[in-house]
Amino acid sequence: MAEPCIICVAITGSLPTKANNPAVPVTISEQIESTHEAFETGATICHAHVRNDDQTPSSDPEKFARLQEGLQKHCPGMIIQFSTGGRSGAGQARGGMLSLRPDMASLSVGSNNFPARVYENPPDLVAWLASEMKTHGIKPEIEAFDLSHILKAAEMHAAGEIADTPYVQFVMGVKNAMPADRHVFDFYVETVNRLFPGAPWCAAGIGREQLKINKWSIAAGGHARTGLEDNVRIDRGTLAPSNAALVRLTAGICAENGRPVATPDQAREILGLPPFQRRN
């Protein structure tokens, strides 16, 4: 049987607002409800950001704590992955919620261009975030916006800064960063397989590239990310009515490729995570 495919739902992000799509969940209660619906549709990782009341991004640990509590209650077994991305805060504030010990956290190990700014990930901050994740038993997801980020993850793994087998995610389609190029995608897969033999990996496409990247990744044996953080539309003329609707599309691609959607227990086994238990 083909390996089950893990579907990650990136529920909110830092940029989309209700002006872009009214379905974007902003409050903690909206995020819990939207994630629960996506969980019931097949998502087994929740990639989470939090927002202020005015919809601007936040890194407030108290908000992350309330979100985590709600997800553990309503989505038992779902893998909770906090974002340490740079739009939500500056410096070590980006990792202020890691003491809450989510299952996973995103880790960008290098800098790159974004549409209108430089996404800065200086080496000292990267090392500190990785150390915090290791201290609190959090599995990092390496967000690779560039080939050098995969190589840097291999260097950190060899040095013991990243414990266990890394989980690498290729991010493609961000303006001014790596476009959705099939030759580059194939080389990314080859590089991960060479540096981390047998390790699981996934891919994320931004905006109109989401569906295309999901198709490439699932067909190639990788895992997939979808959600309103990356893409607010079903197609060019149709707003996505929910995160669950995007998960449902991804699950359909899994079916077309003969791959079952991973259950929470299967996803944890694939990623080397312990069985679910509520953390206090």
- request: Determine whether the side chains of Asp54 and Thr56 contain a donor N or O and an acceptor N or O closer than 3.5 Å.
  value: yes
task: Fit a plane to each ring of Phe145 and Tyr119, take the angle between them on a 0 to 90° scale, and name the class: parallel (under 30°), tilted (30 to 60°) or perpendicular (over 60°).
output: perpendicular
query: Would a distance-only check, ignoring hydrogens and angles, find a side-chain to backbone donor-acceptor pair under 3.5 Å from Asp230 to Gly207?
result: no
task: State whether the side chain of Lys18 and the backbone N or O of Val24 hold a donor-acceptor pair below 3.5 Å, judged by distance alone.
output: yes
message: Among Leu129, Val109, Val126, exactly one meets side chain to side chain contact (heavy atoms under 4.5 Å, CB included) together with Asn121. Which residue is that?
response: Val126
task: Could you check whether the rings of Tyr188 and Phe170 sit parallel, tilted or perpendicular, using 30° and 60° as the cut-offs?
output: tilted
Show me, pair by pair, the donor-acceptor contacts under 3.5 angstrom made by side chains of residues 245-258, not counting sequence neighbours?
from   : atom 1 : to     : atom 2 : distance (Å)
Thr250 : OG1    : Asn214 : ND2    : 3.3
Thr250 : OG1    : Leu246 : O      : 3.0
Asn257 : ND2    : Ile253 : O      : 2.9

query: With distance as the sole test, does Asp181 use its side chain to make a donor-acceptor pair with the main-chain N or O of Val184 at under 3.5 Å?
result: yes
- request: Let me see the working for Glu190 and Arg194 under salt bridge (Lys or Arg N to Asp or Glu O under 4.0 Å), right down to the final yes or no.
  value: CA-CA 6 Å; Glu190 178 187 330; Arg194 174 173 59 86; 5.5 Å; no
query: Taking the side chain as C-beta and beyond, is there a heavy-atom pair between Ile11 and Leu228 under 4.5 Å?
result: no
- prompt: So, Ser131 and Glu161: side-chain donor and acceptor under 3.5 Å apart, yes or no?
  reply: no
- prompt: So, are Asp103 and Arg268 salt-bridged, with charged N and O less than 4.0 Å apart?
  reply: yes
message: Between the side chains of Lys73 and Glu69, is the shortest nitrogen-to-carboxylate-oxygen separation below 4.0 Å, so that they form an ion pair?
response: no
field: Sequence neighbours excluded, every pair satisfying ring pair (Phe, Tyr, Trp, His ring centres under 6.0 Å) that has a member inside residues 65-90
entry: Phe64-Phe82
message: Given 3.5 Å as the limit, does a donor-acceptor pair link the side chain of His157 with the main chain of Ala163, or not?
response: no
- prompt: Is the backbone of Gln31 close enough, under 3.5 Å, to the side chain of Thr35 for a donor and an acceptor to pair up by distance?
  reply: yes
- request: Verify, without hydrogens or angle tests, whether Arg225 (side chain) and Cys8 (backbone) share a donor-acceptor contact under 3.5 angstrom.
  value: no
- request: Kindly indicate, with the supporting measurements, whether the criterion side-chain contact (heavy atoms from CB on, under 4.5 Å) is fulfilled by Lys134 and Ile162.
  value: CA-CA 7 Å; Lys134 189 173 180 181; Ile162 295 174; over 6 Å; no
message: Hydrogens and angles aside, do Asp265 and Thr263 bring a side-chain donor and acceptor to less than 3.5 Å of each other?
response: no
message: Is the shortest side-chain heavy-atom distance between Pro200 and His223 below 4.5 Å?
response: yes
- request: Verify, without hydrogens or angle tests, whether Asn176 (side chain) and Pro115 (backbone) share a donor-acceptor contact under 3.5 angstrom.
  value: yes
task: For the residue pair His49 and Thr12, confirm or rule out a side-chain donor-acceptor distance under 3.5 Å.
output: no
field: Any side-chain donor near an acceptor of the partner, Ser106 and Gln81, under 3.5 Å
entry: no
Main-chain N/O of Glu37 paired with Thr41 side-chain donor or acceptor, under 3.5 Å: yes
